[in-house]
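Data block below; observations after.
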Amino acid sequence: MKRRWLSTIALGTMLAVTAGCTADDPGLDRPTGTANPQCDGKLDAAFGAWARAGFSGAVAVSTGGRFECLAGYGTADDATGSRNTADTVYSIGSVSKAFTATAILRLAEAGKLSLDDRVGKLVPAVVGPVARATVRQVLLHTSGIGGSIGADDQPVDRAGAIAAINKLRLAFPPGTDDAYSNAGYTLLALIIDTVSGTSYRDYTRTHVLALPGGAVTGGFWHGRPAATGPVAAGYLDKGEPGRRPTDFAGPYWATEGNGSLAMTTRELATWARALFRGTLAGPEPARLAGDPGFPVGDGRSHTLGGWMAFDAEVYGKPIVAIAGGGGDVGHNVAVLWIPERDQVIVLSSNRSVLTAEKLLAATVPSLVAGNPLPTPTAPAGGGDPAAIAGTYRLDPEGSFEVTVEGNRPRISAAGAGAVHALFPPRGRYSADDLREHEKRVLAVLAGRTEEGREERQGIEAEHGPISAVTAGGTVVAEGEMRTYVTLTTRDGPRLGWYAVDEHSTIAGAELPTGPPALTLVPVGTTRYRPDDPTGTGPDVTLDFAGGKVTVSGPAGTTNARRSG
């Protein structure tokens, strides 16, 4: 199932650069022999510390058009041993939406369409409720269109994309609310394909990926024209390889417009600056790309360029950001534009241990304030991981399972009680929010919405009738709430998770999947904490003593007795 771009960017996924790293520096302050000679030494040292904590990817920092950091950390491909660099190609996921929006803004500038045109007028084959939405509303995620038209690697041709869009129902009257929508940006790609006089891919390459001077920024992850350069392998939650560009022969309309592009970190930073400086598409598209277009709360607004604008009240100065990744590829990308400094920061990652978004979330407050880039704290050490392996039961509310691989303990939770103890709510989500999310997921899977009925039909077509749906707890992961459920079918119980928005539209799902889990690090002889150097994960401590584990968190403690 498709996972959505985190439009909120966990809402702290931002990065600025220390005041000492500016275009006025006479040279790069770096130690002799550094692994990244094109990166300011202080930045390189800090990012290197994060790399030792698990970050694997690339960094590009540009101020005033001058790169002060182009660096790579970790391995791009375990099979070959190649290293990540600023010229390694990554799938940019939903950052592709900024490119699709730029194409629409260029067509509007050329008089090929108006932002207030209804989409049914521009693409007559689009009919039904969706046809009434305007281009402006689709750009701002206020059209009422929700969800996606298929999984990332589901073969969908142009006619199939239109047919899927025509089946969609609006979650609310256009312009009255917001709901993040991959399907909406597929619709924008269809508009480009229809009104530009050429195909979506040809128009994108010629009018959006092409920079002033003729250089072309990246290409497509699947199919042609492809991005050129060495491609990073992605690695998923358990270290297994993600999908490669050659794994899917298409057709590609499930991701066209909403997540189909790939490029290097250097290219993405160069493109973003050209967009916001007005040299790529002109001053008016540059303004619309960065200006608040529809407020969504907490000082944030969607922009007509597909970005998220943050008021000065959030981080001390206006900034604009976008991020994307997830799914079966294993890549994650985040981009930040700071207008006041004419500064672009791009991070890309190819492992889920410490993604680009998580790294930005940990560093943005200090950096926007002009403080030195923070670095992770090393665990205290101690403990005997092998001694804590086993099953710990909370009957009747579930259990914990501790396994050890490479001297690294990992704990998983099964059952609502265990999940709630190990993953307490944190940040912008409260316990009430998690409970409401669970209710919405259960209602969807009970078939109380059209999308829910279609979801049940798809599962039952493959696995037989669903006789029961049991909630297994809700967690916050990658900036969204995910409710774990066990579906009992003819083929037996199947564990999965679902993320739905406030309109009960499925925003992401994974079925089947493993139980939610954390890797642990010792902080004493018997005590452990999540291996979470960014400090953005569950705030829990685990104490293994006396044949039991005590999980302590904000809401109190939970005890589970070791079995066997």
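The two residues Glu357 and Ala334 come nearest to each other via the heavy atoms CG-CB, 4.3 Å.
A side-chain donor-acceptor contact under 3.5 Å links Arg169 to the backbone of Lys167. Using modelled atom types, no side-chain atom of Thr505 and backbone atom of Gly147 make a donor-acceptor pair closer than 3.5 Å.
Listed by first and then second residue, the salt bridge (charged side-chain N to carboxylate O under 4.0 Å, His left out) pairs involving residues 111-127 are Asp116-Arg136, Asp117-Lys121 (not counting sequence neighbours).
Within the 4.5 Å cutoff, side-chain heavy atoms of Trp221 are placed close to those of Pro245. Residues Leu140 and Leu304 are in side-chain contact: their nearest non-hydrogen atoms beyond the backbone lie under 4.5 Å apart. No side-chain heavy atom of Thr303 sits less than 4.5 Å from a side-chain heavy atom of Leu288. Within the 4.5 Å cutoff, side-chain heavy atoms of Phe276 are placed close to those of Trp307. In this structure, Trp271 and Val208 have side chains that are in contact, with non-hydrogen atoms separated by less than 4.5 Å. Counting only heavy atoms from C-beta outward, the side chains of Thr134 and Pro174 never approach each other to under 4.5 Å. A 4.5 Å side-chain heavy-atom check between Phe400 and Val551 finds at least one atom pair inside the cut-off.
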Show me the side-chain donor-acceptor pairs of residues 461-471 shorter than 3.5 Å, one per line, residues at least two apart or across chains.
residue : atom : partner : partner atom : Å
His463  : ND1  : Asp491  : OD2          : 3.1
His463  : NE2  : Arg494  : NE           : 3.4
Ser467  : OG   : Thr488  : O            : 3.3

Quiz: residues 184-192 side-chain donor-acceptor pairs under 3.5 angstrom, not counting sequence neighbours:
residue : atom : partner : partner atom : Å
Tyr185  : OH   : Leu139  : O            : 2.7
Thr186  : OG1  : Asn182  : O            : 3.4
Thr186  : OG1  : Glu256  : O            : 3.4
Thr186  : OG1  : Asn258  : ND2          : 2.8

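In this structure, Tyr180 has its ring center under 6.0 Å from that of His141.
Remark: Trp253 engages no residue in a ring-ring contact (aromatic ring centres under 6.0 Å, His included) (not counting sequence neighbours). For the side chain to side chain donor-acceptor pair (under 3.5 Å) test, residues two or more places apart in sequence or in another chain that qualify with Glu284 are Arg287. In this view, Ser349 satisfies the side chain to side chain donor-acceptor pair (under 3.5 Å) rule with no residue, not counting sequence neighbours.
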Criterion salt bridge (charged side-chain N to carboxylate O under 4.0 Å, His left out) on Arg106 and Glu109, from CA distance to verdict = CA-CA 5 Å; Arg106 293 208 71 161; Glu109 279 282 281; over 6 Å; no
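With respect to the salt-bridge test (charged N to carboxylate O, under 4.0 angstrom), the residues Glu450 and Arg453 do not qualify.
Only one option out of Leu442, Val485, Thr474, Val444 pairs with Tyr498 in a side-chain contact (heavy atoms from CB on, under 4.5 Å); it is Val485.
Annotation: cation-pi geometry satisfied between Arg201 and Phe220 (NZ/CZ under 6.0 angstrom from ring centroid, within 45° of ring axis).
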